[in-house]
Amino acid sequence: MSEAVTTPTHCPYCALQCGMSLRRPPERPGSVEVVDRTDFPVNRGALCGKGRTAPAVLSSRVRLTEPLVRCPDTGALRPATWEEALAAVADGLRRTRADHGPDAVGVFGGGGLTNEKAYALGKFARLVLATSQIDYNGRFCMSSAAAAHGRAFGLDRGLPFPLEDIPRTGCVILVGSNLAETMPPALRYLTELKENGGRLIVVDPRRTRTAEQADLHLAPRPGTDLALALGLLHLVVAEGRTDEEFIRERTTDWEAARAGVMAHWPELVERITGVPVPLLRDAARMFCDAENAMVLTARGPEQQSKGTDTVGAWINLCLATGRAGRPLSGYGCLTGQGNGQGGREHGQKADQLPGYRKLDDPAARAHVAEVWGVAPESLPGPGRSAYELLDALGGDVRALLLMGSNPVVSAPRAAHVEQRLRSLDFLAVADVVLSETAELADVVLPVTQWAEETGTTTNLEGRVLLRRQALTPPAGVRSDLEVLHALAALLGWEKGFPTDPEEVFDELRRASAGGPADYSGISYRRIREENGVFWPCPRPARPAPPQSPPTGVAAREDHPHPGTPRLFLDRFATPDGRARFVSVVHRAAGEETDDEYPVVLTTGRVVAQYQSGAQTRRVPELNAAAPGPFVELHPRLAERIGVAEGERVAVVSRRGRAVAPARITTAIRPDTVFMPFHWPGEGRANTLTNPALDPVSRMPEFKTCAVRLEPA
């Protein structure tokens, strides 16, 4: 019997991108099993249940293996050949463009697409379709932190330092993150922090498994994180604990920011947030007493209609105390989706070109246009953000090509988004499973997934990684790159859309060269040899060749750039090298409670499911652990509405009604309920959520809306 083949790769789920190996046992041809990979520093062999069961979705029993086309007679999806399906997609896109213009065609991508796919999708939209109407579901995850990063530091990378620095700092304020359930292998960094004598402060309206690890747990009312951050900085200023030298030497605009902070005195902040003043004082002192400290945020403070300002207030706390731009200190965002970082860097976002270049920057347009071999003026301008694009479906946008996303479950005001998708003239979906969104499509294209293809992702640290193909995909399945290549050819572009991922990556390197997210010095070979490379990593300039190279020595480039694990140690990425304070003040959520809707709903994830659940809900082991939605509420609230543990409860907002079993616990505030958002149907949490948008990031307000509860 032949020996087993083992391929080192990475988990397909969250932004940790944990290292794993896939073993093909010779006794079971065509199957793979997960093997620990201890050499990868992020997880050091540890995996959560989702990672260990990831091969289950590779099974032909749960995934798509042939194209589907909607039958005009019956209205049902039926199997089709690739030729028929691709022709139908090309015809639907071509016909819509001819009838309504290029911006009547939309493209919607995903934060799980590899860098190569995200790059090719953005290029396809702007060259082949000539549409400005492209965005992606990462807009729903990290966009507020990205905008705040850009305003303060001039550059957005989720973590400006590697995860290995976290256990070595003195204090971490973790805001709106339940790492124990969303990224279980990362919890060890907080455990090691405490073992090393560091302190952990967790900000969350629920006493989660992560909050239970904290030295101090602050439980603000959802939607008041901005006031909390301002209140802590007020105390820092009042107690004379700002770092005046750092402020003077490395920042600008402090006086305006300071004036706004002083309007948020502790007693006012207690009234707004519900966090007692003594706990506010404890948190401020704990943070300032540490020699080094960090603030890490996740979706809690970010998924708000004031998310950019909220993150900005936490960044201000770091800047005012000198906790940025130096070792073992700083602000970081815990990026969520598997390629949430790379996905927003290379062109599938409404306002960006590859390399994190701005689409409205003439120099950026000229550089990318030269790589693509087109005139800069031919590139369309910025388009709508994700929710605004979905809201325009069936109106200005008549056809949609969607890859790697399931907005029927994941978008805010989901019933409305579902109706908009149904109103399209034409919808094509490329996915690995028949998601709830794919079920609405006119054409469904079955595409390869993580273990069946090679490609790069960029994890939450900014470390560019290589997923490697371990399996041959089923005969009826093609890669997204092959789909885009074929559609481009059918629409008149015979060249420019290669199917080999390394060839696409090499073009991406050229397109990103000189941009904020510069990948030009990164190659597949380097990633394999170095276990990932941190961007920015520019390609060194070629030295002038010597007149006579020494015998036996070939002329070569200088030593390659080592990559940048730690940003901002010498200067920030602003024109003058200084970080920017941003003057912010607390303001109300997009929707506050009232007599009709007296309770606050917040949403999130559970450990056994991932995002919209399109893949994890097909894994029996994960479904056994988390079989369906629930409503988490405090005993006092349950008693008031007359609901017992396990009884069905209706949660009603101004946008709709969801029903799920009650889960009664003292681990949540009495004025708040929590629902996970992984399920469709009557328990769909996003039926309820508010699409109020942050004015800067265009992030919807997933984390807070007003509801009432009723026995179902």
Side-chain angles (χ1 to χ4, degrees), residues 145 147-162 165-175 193 198-201 226 228-264 280-297 301 308-333 462 536 564-585:
H149 254 137
R151 288 200 311 194
F153 304 135
L155 181 70
D156 162 45
R157 196 180 83 185
L159 293 181
F161 41 74
D165 285 2
I166 293 174
R168 301 163 56 208
T169 193
C171 179
V172 170
I173 302 180
L174 183 67
V175 189
L193 167 76
R199 312 297 295 277
L200 175 62
I201 302 168
L226 175 53
L228 179 65
L230 291 166
L232 293 179
L233 185 49
H234 178 106
L235 289 168
V236 169
V237 174
E239 295 178 9
R241 306 200 67 168
T242 55
D243 187 331
E244 293 300 320
E245 181 181 358
F246 180 89
I247 292 171
R248 183 174 58 255
E249 298 295 328
R250 298 203 60 189
T251 72
T252 63
D253 304 325
W254 166 234
E255 289 305 317
R258 183 183 185 277
V261 164
M262 299 318 293
H264 297 78
L280 296 173
R281 296 188 184 279
D282 287 347
R285 289 170 182 163
M286 196 179 293
F287 187 71
C288 291
D289 285 346
E291 181 178 356
N292 303 297
M294 298 174 177
V295 173
L296 305 176
T297 69
T308 303
D309 283 355
T310 301
V311 173
W314 289 106
I315 291 175
N316 285 352
L317 176 64
C318 291
L319 294 176
T321 54
R323 285 15 182 350
R326 72 182 204 194
L328 306 182
S329 288
Y331 163 77
C333 160
T564 315
R566 295 170 182 85
L567 297 170
F568 313 138
L569 297 183
D570 300 317
R571 67 190 312 277
F572 294 97
T574 55
D576 61 4
R578 292 170 173 263
R580 306 275 193 263
F581 281 98
V582 178
S583 180
V584 295
V585 295

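Values below: all heavy atoms of this structure, side chains included; hydrogens, waters and symmetry mates excluded.
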Heavy-atom closest pair, residues Val585 and Leu226: O-CD2, 3.3 Å
With a 4.5 Å cut-off on side-chain heavy atoms, are Ile201 and Cys171 touching? yes
Determine the minimum heavy-atom distance between Leu230 and Val584, stating which atoms define it. CD2-O, 3.7 Å
Kindly give the heavy-atom pair with the smallest separation between Cys318 and Thr321, and that separation in Å. O-OG1, 3.2 Å
How far apart are the C-alpha atoms of Leu319 and Tyr331, what are their side-chain angles, what is the distance that settles it, and do they pass the side chain to side chain contact (heavy atoms under 4.5 Å, CB included) test? CA-CA 9 Å; Leu319 294 176; Tyr331 163 77; over 6 Å; no
Drop me the distance from Arg151's CZ to Thr574's OG1, to the nearest 0.5 angstrom. 14.5 Å
Gap separating the OG1 atom of Thr251 from the CZ atom of Phe572, nearest 0.5 angstrom: 8.5 Å
Would you name the heavy atoms of Ala148 and Ile315 that are closest together and state the gap between them? O-CD1, 3.8 Å
In this structure, CZ of Arg326 is separated from CG of Asn292 (nearest 0.5 Å) by 5.0 Å
Please check: side-chain N/O of Ser329 versus main-chain N/O of Ala324, any donor-acceptor pairing under 3.5 Å? no
Can you name the closest pair of heavy atoms from Arg168 and Arg566 and give their distance? NH1-NH2, 4.1 Å
Given Val311 and Val175, is the side chain to side chain contact (heavy atoms under 4.5 Å, CB included) satisfied, shown in steps? CA-CA 10 Å; Val311 173; Val175 189; over 6 Å; no
Please determine whether the number of non-hydrogen atoms from other residues, nucleotides or ligands lying under 6.0 Å from atom CG of Asp570 exceeds 12. no
So, does Ser583 use its side chain to make a donor-acceptor pair with the main chain of Gly260 at under 3.5 Å? no
Please tell me if the side chains of Phe287 and Leu317 come closer than 4.5 Å, counting only heavy atoms from C-beta onward. yes
Show the nearest heavy-atom pair for residues Leu232 and Ala283, with the distance to one decimal. CD2-CB, 3.9 Å
Kindly indicate whether the side chain of Leu193, heavy atoms from C-beta on, has any atom under 4.5 Å from the side chain of Val172. yes
Could you check whether Arg199 pairs with Asp289 (Lys NZ or Arg NE/NH1/NH2 to Asp/Glu carboxylate O, under 4.0 Å)? no
Should Leu228 and Trp314 count as side-chain neighbours, where that means a heavy-atom distance under 4.5 Å? yes
Verify side chain to side chain contact (heavy atoms under 4.5 Å, CB included) between Val261 and Asn316, making sure each step is shown before the conclusion. CA-CA 10 Å; Val261 164; Asn316 285 352; 5.6 Å; no
Rounded distance [0.5 Å steps], CD in Glu249 versus CZ in Arg578: 6.5 Å
Ignoring hydrogens and geometry, is there a side-chain-to-backbone donor-acceptor pair from Asp165 to Pro327 under 3.5 Å? no
Contact between Phe581 and Glu255 at the side-chain level, heavy atoms closer than 4.5 Å - yes or no? no
Specify whether Phe153 and Phe568 have parallel, tilted or perpendicular ring planes, treating 30° as the upper limit for parallel and 60° as the lower limit for perpendicular. tilted
Donor-acceptor pair, side chain of Arg323 and main chain of Cys288, under 3.5 angstrom: yes
Once you round to the nearest 0.5 Å, how far does CH2 of Trp254 lie from CD1 of Ile247? 5.0 Å
Atom NE2 in His264, atom CG in Leu280: separation rounded to 0.5 Å? 13.0 Å
Could you check whether any side-chain N or O of Thr564 sits under 3.5 Å from a backbone N or O of Pro536, counting only pairs where one atom can act as donor and the other as acceptor? yes
